[in-house]
2 protein chains.
Amino acid sequence: MPGANYFSGSFTHRIDGKGRVSIPARFRALLEDQGESEMMVIPSYKDGVMEAFPRRVLEGIFERLEEKDPQSEEVEDLATYLFGGANTLSFDKDGRVVLSPELQEAIGVTDQVVFMGRADRFYMLSPERSKEVLEAARIRSREKHRGALAPRRRAPLVQVASLPDEDA
Amino acid sequence: MPGANYFSGSFTHRIDGKGRVSIPARFRALLEDQGESEMMVIPSYKDGVMEAFPRRVLEGIFERLEEKDPQSEEVEDLATYLFGGANTLSFDKDGRVVLSPELQEAIGVTDQVVFMGRADRFYMLSPERSKEVLEAARIRSREKHRGALAPRRRAPLVQVASLPDEDA
DNA sequence: TTTGATCCCATGTAGTGCCATGAGACCGGT
DNA sequence: ACCGGTCTCATGGCACTACATGGGATCAAA
C-alpha cells in the first residue's frame, strides 16, 4: 500500500442482499489518502462498465474544461453527462458502498462485481464483461504497443507505461 | 455530503395531490449550505426542462454579463428572461416545494419529477425526458470529448515527490 | 364557505452505522 | 517445517435514523 499511486489489479467481490459491496482495501486506501470517504461512479462510454473516480478528479475534469470554454455546447453536454449521470457512493466504516438496483442493472451484475484498477480510476463491471474488456485490451495492446512493456532506456524503476485510451 | 460543491446525480420523486415534491436531501443540503431556503426556477433553453438555481447563482450569471456589456440588447433580453421567467420556490420544513400546475405543464410532468444534478444547478424534468437528455449528452460527449475523461499526463493521482515527470 | 397555501404529524422504507464471524495472510517461536 | 497467534479484510446480520410521502389541521384570502 505505501506509495501506491494508481488503482491496479482486479478484485471480485460479492453483493449482499442489501446491495452492499466492499471496496477492495487497496482502492479504499488510495481514496482515503486523498481524504475522500466517497467515490463517484458514472456509466462509461464503454457498455456495461461503470467508472469510479475520487470526486475531485471528476470535478477537476469539469473545471478544467469549463475554464477553457464555459459556454460551448460541448462543455454543456459534458457537464450534463458528468453530473447528471454520476452517483455519489459514500462508503461506511467497513468500506462498503451500496449499489442501487439501477446501478446493478446498468452493468448487469446480480451477485458479484469486479473492481478493475485503471490508473487514476477503476472500473466496476460484471465478471464476464471484465474478462472481455481485459482480453480485448490485451490483444489491441499487443498489436499496437509491442514495446510498451519492454525496459525503457532511461526509465526509472517505477515508471508506468502510459497506454492510450482504448476504443469502445 | 461534507464538501460536496456541486449538484450531482439524478433522483426521481413523486408529486402528491397538492403538487408537492421533496427536494432530494443532498440538493437541499447544498442549498442550505449556502444559507438558502429557496431556489429559483426558470425554463431552460432545452425543451421540457426547468433549471433550478440557488438565487445567488442566478444573480451571479446576470452580474457577470452586465459587467461585460451593460447596455446591450442581449443583456436586456437576458435580464427579462432571467428575472421575468423565474419563479421562486421556497421549501418547507420537510424540504418540499409546490409545483404549480403551470410549472408541471411546462415540463410535462404529472406524478413524477426527476431532479438531475448539473454542477452549479440542477434540472427538473419528466422521467422520459431525463433519459433522453442524459443519453444525448453521453453520446455527444463521447463523440466530441473522447479524451475528456482520460487521465492527465502529468497529474498523478497522489502527488509523490520523487517521481520524475513523465516525458522522456 | 370555498379554495389554496402552509404547517404539523404519522408511517413505511431505504440508507447507514455498528458489531460479529470467518477465511486467509503474515509472523514468531520452537 | 510445524504450530499457534494475530491482523486484515470481506461479508453477514441487526438496529437505528433519515428521508420521502401521505393525510389532516390551520390559516388567509376571495
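Letters A, B, ... mirror the listed sequences (proteins, then strands); counts begin at 1.
- Other residues, nucleotides and ligands place more than 12 heavy atoms under 6.0 Å from the CD atom of A/E135.
- Screening A/L125, A/V133, A/V109 for a side chain to side chain contact (heavy atoms under 4.5 Å, CB included) with A/V114, the sole residue that qualifies is A/L125.
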Kindly list each side-chain donor-acceptor pair under 3.5 angstrom involving residues 88-102 of chain B, sequence neighbours excluded, with atom names and distances?
| from | atom 1 | to | atom 2 | distance (Å) |
| --- | --- | --- | --- | --- |
| B/D92 | OD1 | B/D94 | N | 2.8 |
| B/D92 | OD1 | B/G95 | N | 3.0 |
| B/D92 | OD1 | B/R96 | N | 3.0 |
| B/S100 | OG | B/E102 | OE1 | 3.3 |
| B/S100 | OG | B/L103 | N | 3.2 |

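- In this structure, B/E74 places its CD atom where only 12 or fewer heavy-atom neighbours from other residues, nucleotides or ligands lie under 6.0 Å away.
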Could you run down the sub-3.5 Å N/O contacts of the protein with nucleotides 21-25 of chain C?
none

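- In this structure, B/L99 places its CG atom 15 Å from C1' of D/dA20, rounding to the nearest Å.
- Counting to the nearest Å, the P atom of C/dA14 and the NE2 atom of B/H13 are 13 Å from each other.
- Heavy atoms from other residues, nucleotides or ligands lying under 6.0 Å from CD of B/E67 number 12 at most.
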Starting at the 5' end of nucleotides 5-10 of chain C, put B wherever the base has a protein heavy atom under 4.0 Å, S where only the sugar-phosphate does, and a dash everywhere else. -BBBB-
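- Applying the salt bridge (Lys or Arg N to Asp or Glu O under 4.0 Å) test to residues at least two apart or on different chains, the pairs with a partner in residues 103-122 of chain B are A/E76-B/R118, B/E51-B/R121.
- Atom CZ of A/F115 is separated from atom C1' of D/dC9 by 13 Å (rounded to the nearest Å).
- Atom CG of A/D111 and atom C1' of D/dA10 are 15 Å apart (whole Å).
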Can you give each donor-acceptor pair under 3.5 Å made by side-chain atoms of residues 7-15 of chain A, sequence neighbours left out, with the distance rounded to 0.1 Å?
| from | atom 1 | to | atom 2 | distance (Å) |
| --- | --- | --- | --- | --- |
| A/H13 | ND1 | A/S22 | O | 2.6 |

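- Contact annotation for B/I23: backbone-only contact, meaning every heavy-atom pair under 4.0 Å involves sugar-phosphate atoms and none involves a base.
- Atom CG of A/L89 and atom C1' of C/dT16 are 13 Å apart (whole Å).
- One can place CG of B/D16 at 18 Å from P of C/dT11, the figure rounded to the nearest angstrom.
- In this structure B/F62 satisfies the side-chain contact (heavy atoms from CB on, under 4.5 Å) test together with B/E66, B/V75, B/A79, B/L82, B/F83, sequence neighbours excluded.
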